[in-house]
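Contents: one structure, followed by commentary.
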Amino acid sequence: MMLNTHIIGLGAYLPERILSNVELSTMVETSDEWIRERTGIKQRHIIAKAQHTSDLAVAAAQQALDDAGISIDDIDALVVATTTPDMIFPSTASIVQYKLGGKGFPAWDIQAVCSGFVYALAQVDGMMKSGMFKRVLLIGAESMSRIVDWTDRNTCVLFGDGSGAVVLEAKDKNIQGGMVGSVLHCDGSYRHLLMAEHQYNGNAPGEMSDFRVDAAGVAAIEMKGNEVFRVAVTKLGEVVGEVLDKYHLKQSDVDWLVPHQANIRILKSTAKKMKMTEDRMVVTVGEHANTSSASVPLALHHLYKQNKLEVGQLLLLEAFAGGFAWGANLVRWSKS
Ligand code: COA
């Protein structure tokens, strides 16, 4: 039997603590006005001291399972896209499996930073179409606040914490809707423009240390913001065209643009490129800031909760990330 992958449940979680631009401007030299104007961000959620990324993941995952009307026992595989794992190992996915009360089925993490969910969805879709798994729990979860240098105004204003999850089910290909397909890219020659180095016994690879801002010796995000911005706008403009061409679809076929939420100006530029009016694009960056791999599933969940999705509509998910790694997925909505 030929198979296709369908989204049958969605969930989301944002930590309680909200950090507003105004509060942030008491911590570093910035202003609400600057942050809103340059990024569209108004606030971000921050993980509690006692919480880990796996806790955020579990909250979203449980909601997605409930939404699908199934339990963890019905799941065949669990994937967590994250850049901020609880530990170097074991994987956050193993910890999430345990916390959800699952056992036995495979669980693994994917690391493609802000493109993690888009990468993971492409990977899992391929595995499900091949018949390897019937139901997969796919989560994007991040505690970016843990790898932000809170003295660096260039980066700390941009990120937030949260998680989003989907339950995927393989169904007969003749059933209408489901995943159309994906394209993924990476170009490691840009790796030094956006990164967080690990300190293995203090022996950090020297090659990428020329613009370190973090003196404390802990991994922290370092970024050449305006260069990232420039490449992101170009590559996202290209990838949305590429994924549509690949599956013989047109810009006008897309009902909803579900972009990674990094900066409102990047989002608007992609919408413009696609000749889409902004009311067909999901915007959560104002409330969530950049939640890395959680951002696309959080945006998707936001759209779902607004009851705006209709069966048969075409969704274009896209993301751009450190690496640089970027990609896009096309989904024909099938959940009523
Ligand atoms: N508050 C006030 N001023 C700030 C600031 C802040 N939080 N952060 C930076 N600035 C200052 C800079 O120091 C610079 O000052 P200078 O000209 O005196 O040196 C000035 O603002 C302009 O900096 P620039 O980097 O040119 O601004 P920008 O218009 O490119 O906006 C970003 C900065 C970071 C918002 C923007 O480049 C961006 O969004 N880049 C992409 C980031 C991203 O998406 N990363 C994740 C990808 S997944």
Side-chain angles (χ1 to χ4, degrees), residues 19-44 81-84 110-120 140 142-145 147-162 164 184-188 190-196 211 213 220-240 258-271 283-286 288-299 317-328:
L19 177 61
S20 69
N21 290 350
V22 174
E23 187 180 351
L24 196 47
S25 64
T26 65
M27 296 160 58
V28 286
E29 205 182 319
T30 189
S31 65
D32 179 40
E33 193 192 359
W34 191 96
I35 303 171
R36 276 180 201 244
E37 217 167 77
R38 298 294 182 104
T39 71
I41 297 166
K42 296 175 221 153
Q43 60 170 48
R44 68 286 295 139
T82 189
T83 309
T84 46
I110 283 198
Q111 216 296 51
V113 214
C114 304
S115 295
F117 186 84
V118 167
Y119 260 61
E142 301 281 12
S143 31
M144 298 304 282
S145 63
I147 59 164
V148 156
D149 176 353
W150 288 103
T151 65
D152 176 19
R153 70 173 184 179
N154 290 292
T155 51
C156 74
V157 303
L158 302 175
F159 296 94
D161 304 333
L184 303 176
H185 289 286
C186 181
D187 185 343
Y190 291 111
R191 69 202 181 285
H192 56 292
L193 295 179
L194 178 53
M195 63 179 190
F211 65 96
V213 287
I221 295 172
E222 299 165 52
M223 180 179 71
K224 297 270 197 206
N226 44 14
E227 292 181 50
V228 176
F229 188 94
R230 194 174 41 80
V231 185
V233 164
T234 309
K235 296 298 183 194
L236 286 171
E238 286 169 10
V239 83
V240 291
V258 188
H260 167 51
Q261 309 283 319
N263 183 320
I264 189 70
R265 292 185 290 145
I266 300 178
L267 271 70
K268 283 186 176 176
S269 136
T270 312
V283 181
T284 53
V285 68
H288 303 173
N290 181 347
T291 57
S292 189
S293 68
S295 123
V296 170
L298 274 169
L317 284 46
E318 45 90 335
F320 184 84
F324 291 149
W326 66 101

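It should be emphasised that the depicted structure is a prediction, and the values quoted were computed from it without experimental measurement. Numbering of ligands and ligand atoms starts at 1, following listing order. No hydrogens, no waters, no symmetry mates; every other heavy atom, side chains included, goes into these values.
- Residue contacts with ligand 1: Val157 is included, with a non-hydrogen atom under 4.0 Å away.
- Closest heavy-atom approach to atom 26 (O) of ligand 1 among the candidates Asn226, Val285, Leu24: Asn226.
- Protein heavy atoms are found less than 4.0 angstrom from atom 30 (O) of ligand 1.
- Among Phe320, Trp326, Trp34, Phe159, the residue whose heavy atom sits closest to atom 2 (C) of ligand 1 is Trp34.
- The backbone N or O of Val28 sits nowhere less than 3.5 Å from a side-chain atom of Arg153 that would complete a donor-acceptor pair.
- Checking side-chain atoms of Arg265 against main-chain N and O of Arg38 turns up a donor-acceptor pair under 3.5 Å.
- Gln261 contributes a side-chain N or O that, together with a main-chain N or O of Thr284, makes up a donor-acceptor pair within less than 3.5 Å.
- Checking side-chain atoms of Thr270 against main-chain N and O of Ile266 turns up a donor-acceptor pair under 3.5 Å.
- What sits closest to atom 46 (C) of ligand 1 on the protein, heavy atoms only, is Asn290 ND2, 3.6 Å.
- Ligand 1 places these atoms under 4.0 Å from at least one heavy atom of Cys114: 48 (S).
- Protein heavy atoms all stay at least 4.0 Å away from atom 20 (C) of ligand 1.
- Between the side chain of Asn21 and the main chain of Ile41, a donor-acceptor pair closer than 3.5 Å is present.
- Side-chain contact, Ser20 with Gln43: no donor N or O sits under 3.5 Å from an acceptor N or O.
- Of the protein's non-hydrogen atoms, Ala262 CB, 3.3 Å is the one closest to atom 44 (O) of ligand 1.
- Between atom 42 (C) of ligand 1 and the options Arg153, Met223, Arg230, the minimum heavy-atom separation is to Met223.
- Scanning Ser295, Gly225, Ala321 for the heavy atom closest to atom 37 (O) of ligand 1 points to Gly225.
- Of the candidates His260, Glu227, Glu29, Arg38, the one placing a heavy atom closest to atom 27 (O) of ligand 1 is Arg38.
- With no hydrogens or angles considered, a side-chain donor-acceptor pair links Glu142 and Thr84 at under 3.5 Å.
- Remark: among candidates Asn154, Val233, Thr30, the nearest residue to atom 1 (N) of ligand 1 is Thr30, based on non-hydrogen atoms.
- When atom types are taken as modelled, the side chain of Ser115 and the backbone of Val118 share no donor-acceptor pair closer than 3.5 angstrom.
- Inside a 4.0 Å radius of atom 39 (O) of ligand 1 there is at least one protein heavy atom.
- Atoms of ligand 1 found under 4.0 Å from any heavy atom of Leu194 (numbered from 1 in listed order, with element): 46 (C), 47 (C).
- Under the 4.0 Å distance rule, the nearest protein heavy atom to atom 16 (P) of ligand 1 falls outside the cut-off.
- In this structure a side-chain-to-backbone donor-acceptor pair under 3.5 Å is missing from Thr291 to Gly162.
- Judged by distance alone, with hydrogens and angles left aside, the side-chain atoms of Glu318 form no donor-acceptor pair with the main-chain N or O of Ala328 at under 3.5 Å.
- Protein heavy atoms are found inside the 4.0 Å sphere centred on atom 6 (C) of ligand 1.
- Paired with Met223 under the rule side chain to side chain contact (heavy atoms under 4.5 Å, CB included), one option of Asn154, Leu193, Leu158 passes, and it is Leu158.
- Taking every non-hydrogen atom of Asn263 and a distance limit under 4.0 Å, the qualifying atoms of ligand 1 come out as 35 (C), 38 (C), 39 (O).
- Set against the non-hydrogen atoms of Thr39, the atoms of ligand 1 under 4.0 Å away are 35 (C).
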